[in-house]
Engineer: 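What follows is a single structure, and I will ask about it in a moment.
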2 protein chains.
Amino acid sequence: MTTTPAARVPQEERSRVMRARLMEATVDLLVEKGFAGTTTTLVSERAGVSRGAQLHHFPTKNDLVLAAVEHLTAVRGAELAAAAAALPSGSRRTRAVLQMLGDHFTSPVFTAALELWVGARTDETLLAAVAPLEQRVGRETHRLTVECLGVDEQHPGTRELIQATLDLVRGLGLATTITDDTRRRSRILDEWARVLDRELKEKP
Amino acid sequence: MTTTPAARVPQEERSRVMRARLMEATVDLLVEKGFAGTTTTLVSERAGVSRGAQLHHFPTKNDLVLAAVEHLTAVRGAELAAAAAALPSGSRRTRAVLQMLGDHFTSPVFTAALELWVGARTDETLLAAVAPLEQRVGRETHRLTVECLGVDEQHPGTRELIQATLDLVRGLGLATTITDDTRRRSRILDEWARVLDRELKEKP
DNA sequence: CAACAAACAGTCAAGCCTGTCTTTAAAGAG
DNA sequence: CTCTTTAAAGACAGGCTTGACTGTTTGTTG
């Protein structure tokens, strides 16, 4: 035989797969080794892609990380939307929404995003790419939360309480990266749900 | 002249000064360049200390960073205590306490601490040093907040509300490192102060 | 004042990361 | 079937960081 006639994959598809493998390896490594520990060499090894191929698709490390940021953004959106769809209804809904947010902000995707935020803080180029994306995600998350809770954003104070809720879970997520205290988190969210229900129910 | 008889400093003092210079330079660089960007070479340059002297006091980078963590912890405590002492009394006290916390969690010391947290997440050794210190600081901050607000921690729910408040400002601090939106932060704290006063006043 | 120890200074080699370069294989077009 | 273009592979050099090493100055102690 001269060449294997079986494997006949169009180059567009090949590229897509390669890029996906590289981006996913990047996100994995962000979680595992942190931003600084995510070297291009490790990424290509982890992805099972040769260094040449990697540099063909992503000429510089920034190109790779930027692509990974976009990829991550998409994953984050999908994950959250899925969780929102599976939300129960009834009296415990507020608590369930908080649980969903809490889970999301302690998941690996959050960890990877955290590494990017902190990395972007001292990297001009990365910041330019991360900031707008993050703003979009933030707005989308806000919208989703409002929708899940079924509250009226026009009512004064409501918008701020939702924002506070999101900042709270962000803070909880950050704390979790160092010491994972699930019970503590749970109690806080219990109480927060109570406050939220009370404050928001008066403004239907 | 043979030697300048004027400068006669005991070695203990010299060491102390040198170490302090190095630790402060380290903290500065953490803010400016991030954890990964804080190289030992940069630190010695910034501190105006020779490389030899640096390695004499801190044989490895970890030794240096660990010392910086402790130093930072002390600074954080002092800063917060000072802010607490200057707190006004009266009806707007709750808001003032939140402002104090908000300011603290957006200050350079917080930024440096953030870099250490994130760095420690993927560095076994660093984590072992940061985690216990952070727990101490956390408890101390909690205690201080309770004291400033003058609330009764025994009352069910109060403890969780205080914890939530601290996690909220932590989240706000994290968000600020990417996009500094002072007005947004201010409105959120306004609203939270209102809620807090209402929730806590019922439990004197 | 003399000997010792600590503090300080600066150089050096090893290892790692990034990105360039050359070469080979595969796909698409004529 | 051949030619061109794109994808993939792997070696290579330049730059940077870390920590070890040698030598010098300064303080302390007998």
Side-chain angles (χ1 to χ4, degrees), chain A residues 1-23 25-26 29-30 32-68 115 119 122-126, chain B residues 1-23 25-26 29-30 32-68 119 122-123 125-126:
Chain A
M1 65 168 69
T2 47
T3 48
T4 330
R8 246 192 108 79
V9 185
Q11 57 183 199
E12 193 181 319
E13 174 71 9
R14 286 200 306 168
S15 278
R16 220 183 47 73
V17 171
M18 274 285 184
R19 292 175 63 95
R21 284 232 303 266
L22 284 166
M23 290 186 294
T26 303
L29 281 171
L30 279 175
E32 200 172 311
K33 308 266 187 184
F35 183 71
T38 302
T39 67
T40 56
T41 340
L42 271 181
V43 170
S44 56
E45 278 174 20
R46 176 69 60 101
V49 168
S50 78
R51 195 148 173 66
Q54 177 187 41
L55 266 65
H56 173 71
H57 291 289
F58 304 103
T60 76
K61 181 180 179 178
N62 252 330
D63 289 324
L64 175 62
V65 178
L66 257 53
E115 290 286 340
T122 50
D123 184 324
E124 200 71 34
T125 318
L126 193 56
Chain B
M1 63 167 75
T2 47
T3 46
T4 331
R8 245 192 111 81
V9 185
Q11 57 183 203
E12 194 180 318
E13 174 71 7
R14 287 199 306 168
S15 278
R16 220 183 46 72
V17 171
M18 274 284 185
R19 292 176 65 94
R21 284 232 304 265
L22 284 166
M23 291 186 294
T26 304
L29 281 171
L30 279 174
E32 199 172 312
K33 309 266 187 185
F35 184 72
T38 303
T39 66
T40 56
T41 346
L42 271 181
V43 170
S44 56
E45 277 173 21
R46 175 69 61 102
V49 167
S50 78
R51 196 145 176 66
Q54 179 186 41
L55 265 63
H56 172 72
H57 291 289
F58 304 104
T60 76
K61 182 180 178 178
N62 250 331
D63 290 324
L64 176 61
V65 177
L66 256 53
T122 51
D123 184 324
T125 318
L126 193 56

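Please read these numbers as outputs of a predicted model, since none were measured by experiment. Numbered from 1 within each chain, the chains take letters A, B, ... in sequence-line order.
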Engineer: Among the nucleotides C:dG10, C:dT18, D:dA8, which one has an atom lying closest to any side-chain atom of A:Ala53?
Structural biologist: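 That would be D:dA8.
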Engineer: How many whole angstroms separate atom CZ of B:Arg16 from atom C1' of D:dG27?
Structural biologist: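 Distance check: B:Arg16 CZ to D:dG27 C1' gives 17 Å.
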Engineer: Hey, is the side chain of B:Arg51 pairing donor to acceptor with the base of D:dG19 inside 3.5 Å?
Structural biologist: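 Side chain to base: pair present.
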Engineer: Taking 4.0 Å as the cut-off, does a side-chain nitrogen or oxygen of B:Thr40 come that near to OP1 or OP2 on D:dT18?
Structural biologist: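 Yes, within the criterion.
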Engineer: Using whole Å, report how far CE of A:Met18 lies from P of D:dA8.
Structural biologist: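 Whole-Å distance recorded here is 4 Å.
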Engineer: Indicate whether OP1 or OP2 belonging to D:dA7 is found under 4.0 Å from a side-chain N or O atom of A:Ser15.
Structural biologist: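 Yes, because at least one side-chain N or O of A:Ser15 sits under 4.0 Å from OP1 or OP2 of D:dA7.
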Engineer: Which nucleotide wins on minimum distance to the side chain of B:Thr39, given the candidates D:dA8, C:dG19, D:dT18?
Structural biologist: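 Looking only at heavy atoms from C-beta outward on B:Thr39, the closest nucleotide is D:dT18.
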Engineer: Atom NE2 of B:His57 to atom C1' of C:dA9: distance rounded to whole Å?
Structural biologist: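 It works out to 12 Å between those atoms.
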Engineer: In whole angstrom, give the distance that lies between atom CZ of B:Phe58 and atom C1' of C:dC8.
Structural biologist: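 Taking atom C1' of C:dC8 as the reference, CZ of B:Phe58 is at 14 Å.
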Engineer: Contact class for B:Thr41 vs. all strands (heavy atom < 4.0 Å): base, sugar-phosphate, or nothing?
Structural biologist: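 Base, at least one base heavy atom under 4.0 Å.
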Engineer: Mind calculating the distance between NZ (B:Lys61) and P (C:dC16) to the nearest angstrom?
Structural biologist: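 Distance check: B:Lys61 NZ to C:dC16 P gives 16 Å.
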Engineer: Is there a donor-acceptor pair under 3.5 Å between the side chain of A:Glu115 and the backbone N or O of A:Phe35?
Structural biologist: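 Such a contact is found between A:Glu115 side chain and A:Phe35 backbone.
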Engineer: Has A:Gln54 got a side-chain atom pairing as donor or acceptor with A:Val43's backbone, closer than 3.5 angstrom?
Structural biologist: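 Checked: no pair found.
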Engineer: To the nearest 0.5 Å, tell me how far B:Leu55 CG sits from B:Lys61 NZ.
Structural biologist: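 One finds 12.5 Å between CG of B:Leu55 and NZ of B:Lys61.
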Engineer: Between B:Arg21 and B:Gly48 (side chain of the first, backbone of the second, donor and acceptor by atom type, cut-off under 3.5 Å), is there such a pair?
Structural biologist: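 At least one qualifying donor-acceptor pair exists.
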Engineer: Give the rounded distance in Å between these two atoms: CG of B:Leu22 and C1' of C:dA7.
Structural biologist: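 That distance rounds to 12 Å.
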Engineer: Figure out the CZ/P separation between B:Arg21 and C:dA7, and round it to whole Å.
Structural biologist: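 Rounding to the nearest Å, CZ of B:Arg21 and P of C:dA7 are 15 Å apart.
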Engineer: Which one, C:dG19, C:dA7, D:dA8, comes nearest to the side chain of B:His56?
Structural biologist: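 Of all the options, the side chain of B:His56 is nearest to C:dA7.
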Engineer: Quickly, which of B:Leu22, B:Thr26, B:Leu29, B:Thr38 forms a side-chain contact (heavy atoms from CB on, under 4.5 Å) with B:Arg46? Name it, please.
Structural biologist: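 Between B:Arg46 and the candidates, side-chain contact (heavy atoms from CB on, under 4.5 Å) is satisfied uniquely by B:Leu29.
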Engineer: So which one's nearest nucleotide on DNA chain C is more toward 5', A:Leu42 or A:Leu55?
Structural biologist: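 The 5'-side residue here is A:Leu42.
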Engineer: From the options C:dT18, D:dG27, D:dA7, select the nucleotide whose nearest atom is closest to the side chain of B:Arg14.
Structural biologist: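 Of C:dT18, D:dG27, D:dA7, D:dG27 is nearest to the side chain of B:Arg14.
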Engineer: Grab the CD-P distance between B:Gln54 and D:dT18 for me, whole Å please.
Structural biologist: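 Distance, rounded to whole Å: 9 Å.
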